**Student:** 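Here it is, the structure in full.
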Number of protein chains: 2
Amino acid sequence: MGGSATPKQNKRVTITDVARHAGVSVAAVSKVLRNAYGVSPGMQEKVRTAIAELDYRPQAAARGMRGRTYTIGVLLDNVRNAFFADILDGIQEELRTSEYTVLIGAAGFDPDEQAKTIRSMVDRQMDGLILIAPGTSRAEVLATAAATPTVVIGHHDGTDAHDSVVDADDTGAGLVVDHLVALGHRDIALVSAPGTKANQWKRTPEVVLTAGYRSAMERHGLAERVQVHHAAYSDEGGFKAGMTLLTDERRPTAVMAGADVAALGIYRAAHELGLRIPEDLSLVGYNNTALAALATVQLTSVDQAGHTMGSSAARMLIERVEGRRDRAMQTSMTPRLVVRGSTAALSGS
Amino acid sequence: MGGSATPKQNKRVTITDVARHAGVSVAAVSKVLRNAYGVSPGMQEKVRTAIAELDYRPQAAARGMRGRTYTIGVLLDNVRNAFFADILDGIQEELRTSEYTVLIGAAGFDPDEQAKTIRSMVDRQMDGLILIAPGTSRAEVLATAAATPTVVIGHHDGTDAHDSVVDADDTGAGLVVDHLVALGHRDIALVSAPGTKANQWKRTPEVVLTAGYRSAMERHGLAERVQVHHAAYSDEGGFKAGMTLLTDERRPTAVMAGADVAALGIYRAAHELGLRIPEDLSLVGYNNTALAALATVQLTSVDQAGHTMGSSAARMLIERVEGRRDRAMQTSMTPRLVVRGSTAALSGS
DNA sequence: TTCGTGGTGGAGAACGTTACACACAGCCTT
DNA sequence: AAGGCTGTGTGTAACGTTCTCCACCACGAA
């Protein structure tokens, strides 16, 4: 725009420059880059030094046109959920030493936005996708998975189109119910996210969690005490659910929430209603995020080994990307109860 | 690998298909896609319907070879920092209606890893970069910014190589000190991240914050009571700093931390030492993250308007990407004190 | 009629990389 | 000595876009 003499940004070093500098063909350099078959040690040496001397880095866009982009996309709805951060750490750690780069799309909760983000990733020729509890329709995910290696974390719906990593949420719910029953509680309510929203996923984490809760309650002969409330997994969502639940005539003595952050909302509601925790109400979260461990919170929660889930997902994905496996697989993690100060024996029973 | 008849994934729709289907040239379709000059309404119409009918989506890798990729990269060290989530929200919202996609790289705290991630983004031909408080060396960032439009969030070092968005951290520190002094405190300590690590940034947020703290203390005639402790911005870092600080013979009556999460670590230390908050110790965080607002926490903190910072950064970046501005600019936000239950008047003074 | 002129559409050369096909050399079998 | 491998290196056609010309047309002015 009229600036005097825009300083010509010196052109990037390309594979051709490397080839010339090393005195070999472009094809040879490409082979070394991809460590493909048919390269002698001498050639390796020559090319590698040339690359180092010129500080050459391959351009992913050009690679993407024929081969791989060495990019893995991770879709998640929202960065605030600390559990996702654990998963991310696992993914990153697994891929740190590889030549793949992880790029994250934080699409928000809107299924359409998520779908748009997934398409963006496909359009950018990413080699593989990890979708964390996608809200997008099942059909959309299956279509994507047909063309790009994909791992879905969270949803229990099995398929041979993509790999899956799940937590045994039903077992997790059972652990919580057992713990609370052992403390003498009988009126145990569950606050979970609304189930499937007609997007064809039949076994979301929430659905499985709820099923696990119900069956555990039945196992203890408490089927008629089952109380399920739906709420968004946020502080506000938990607060609203808490206000409803705790002012009900059939007020539960213990509440379990499907996410720590929702449990804290319930905490706030209890506080507002003058109920003490754990004396008047036992409260259990889910995911054992850093939140739960805070000194001032001390929330009993269920640990999901997010780190391990992430690294497993990454490992499985790379196997697929590199064609070392051609059949779908599903990995399931066993949750573990972490007891803290928010649960206590039912008093005056 | 011996699988029977790998189902040929039906090839993607390309610009050539669209051109053929619409009965026009490839060049014309390209023009419509980029809404370039020299396209008649009729042509627009024809091409757009063809695109819709074939469900065509341009392939970013191919675009990247000649023109833009319509991708914006955001670098941050760690997803757990809730303040970054606010910034991200701002960025996403600003870009939601545009044709740009935001991809996030969470590189961790290691400067080398961060540099690697920045390079990855450049290699992927991203159109623009937003770097949130990068730990990478200044030289590296300047070199990147010379070739790719870049906005740096956090660091106050001015330059004409890239745009900047900062919070007036010195003012923020002043607000806190004023507040605490008004409550009668005189021994006010600061816990902040270690300053510049020889990576050539002279005015990181920590440095500016510390300077603001010092000058506010001087302004109140408390220069000799200045006490600065360095700690990582994490629960553990805060805890360690807290243990040192609170067992010192010159124990402060108030502590301000450069990040909420560190404040919570100090909280834990205080708790462990039998100190009550706010009766025995006033505590102030920074960033006013969701953590600070939790019912069980109620931490006085400084709000940084992360959302606005993010949307400003995005807007500034797009201006540069699209060549609508060719001079660097710097945006500064004014922080605001949010008083909660963790600060109180000095008792028995 | 002739000449410009502005507005549209198209041809075709990049862009940097991969992957296919082939050439060549050296060695082992017969 | 002929033939067949095997292991290495190279030439070159893609890949799907963008973007720089260039051609064409219609129209108005001289």
Side-chain angles (χ1 to χ4, degrees), chain A residues 9-48 50-51 54-71 99 122-127 147 321-323, chain B residues 9-48 50-51 54 56-71 99 122-125 127 147 321-323:
Chain A
Q9 52 200 33
N10 37 357
K11 289 175 66 62
R12 261 188 91 115
V13 178
T14 76
I15 199 172
T16 317
D17 300 325
V18 176
R20 189 169 31 235
H21 189 264
V24 300
S25 74
V26 171
V29 178
S30 176
K31 276 191 190 176
V32 172
L33 285 172
R34 297 171 286 131
N35 35 39
Y37 174 82
V39 184
S40 68
M43 174 67 87
Q44 278 274 352
E45 169 75 11
K46 260 190 298 184
V47 172
R48 292 222 181 278
I51 288 175
L54 298 182
D55 190 26
Y56 164 75
R57 295 196 321 262
Q59 195 173 309
R63 302 184 102 171
M65 292 205 58
R66 306 269 317 161
R68 308 229 195 102
T69 55
Y70 297 93
T71 310
E99 49 201 335
V122 174
D123 294 346
R124 275 154 192 77
Q125 307 289 110
M126 292 193 177
D127 296 335
V321 167
E322 300 187 342
Chain B
Q9 51 200 34
N10 38 355
K11 288 175 68 59
R12 258 188 95 116
V13 178
T14 76
I15 199 173
T16 316
D17 301 324
V18 175
R20 189 169 30 235
H21 189 264
V24 300
S25 76
V26 171
V29 178
S30 176
K31 279 190 191 173
V32 173
L33 284 173
R34 296 170 288 130
N35 34 39
Y37 174 81
V39 185
S40 67
M43 174 66 87
Q44 278 275 351
E45 169 75 12
K46 261 192 298 184
V47 172
R48 293 224 181 278
I51 288 175
L54 298 182
Y56 164 74
R57 294 196 323 260
Q59 195 171 309
R63 303 184 102 170
M65 291 206 60
R66 306 264 323 159
R68 309 229 195 100
T69 55
Y70 297 93
T71 309
E99 49 201 335
V122 174
D123 294 346
R124 276 153 192 79
Q125 307 289 111
D127 296 335
V321 167
E322 300 186 342

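Remember, predicted model here, so these are calculated numbers, not experimental data. Chain letters run A, B, ... following the sequence lines, proteins first, then strands; residues in each count from 1.
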**Student:** Would you say C:dT18 has OP1 or OP2 under 4.0 Å from some side-chain N or O of A:Ser30?
**Tutor:** yes
**Student:** Let me know the distance between CD of A:Gln59 and C1' of D:dT17, rounded to the nearest Å.
**Tutor:** 13 Å
**Student:** Please give, in whole Å, the distance from C:dG16 C1' to A:Asp17 CG?
**Tutor:** 10 Å
**Student:** Once you round it to whole Å, what is the distance between C1' of C:dT18 and CZ of A:Arg68?
**Tutor:** 12 Å
**Student:** Starting at the 5' end of DNA chain D and moving along, which residue's nearest nucleotide shows up first, B:Ala27 or B:Met65?
**Tutor:** B:Met65
**Student:** Take the protein atom CD1 of A:Ile51 and the nucleotide atom P of C:dG16, then report the distance between them rounded to whole Å.
**Tutor:** 16 Å
**Student:** Quick one: does B:Thr71's side chain get under 4.5 Å of B:Arg124's, heavy atoms only?
**Tutor:** no
**Student:** Which atom names give the shortest non-hydrogen contact between B:Arg12 and B:Pro58, and what distance separates them?
**Tutor:** NH2-O, 4.1 Å
**Student:** Less than 4.5 Å apart, side chain to side chain, heavy atoms only: is that true for A:Arg20 and A:Val26?
**Tutor:** no
**Student:** Please give, in whole Å, the distance from D:dT10 P to A:Arg20 CZ?
**Tutor:** 15 Å
**Student:** Could you check whether B:Arg68 pairs with B:Asp127 (Lys NZ or Arg NE/NH1/NH2 to Asp/Glu carboxylate O, under 4.0 Å)?
**Tutor:** no
**Student:** Are side-chain heavy atoms of A:Leu33 and A:Arg63 found at a separation under 4.5 Å?
**Tutor:** yes
**Student:** Please check the phosphate of C:dT18 (OP1 and OP2 only) for any side-chain N or O of A:Arg63 closer than 4.0 Å.
**Tutor:** yes
**Student:** Looking only at side-chain N and O atoms, does B:Arg34 come under 4.0 Å of OP1 or OP2 in D:dC19?
**Tutor:** yes
**Student:** I need the CZ-C1' distance between A:Arg66 and D:dA14, as an integer number of Å.
**Tutor:** 5 Å
**Student:** Grab the N/O contacts between the protein and nucleotides 6-9 of chain D below 3.5 Å, and write none if there aren't any.
**Tutor:**
unit_1, atom_1, unit_2, atom_2, d
D:dG7, OP2, A:Tyr37, OH, 2.7
D:dG9, OP1, A:Ser40, OG, 2.9
D:dG9, OP2, A:Ser40, N, 3.0
D:dG9, OP2, A:Ser40, OG, 3.1
D:dG9, N7, A:Lys31, NZ, 3.1

**Student:** Within this structure, what is the CZ-to-C1' distance between A:Arg124 and D:dG16, rounded to whole angstrom?
**Tutor:** 15 Å
**Student:** Could you go over nucleotides 22-25 of chain C and give all protein N or O partners under 3.5 Å, atom names and distances?
**Tutor:**
none

**Student:** Rounded to whole angstroms, how far apart are CD on B:Gln125 and C1' on C:dT17?
**Tutor:** 12 Å
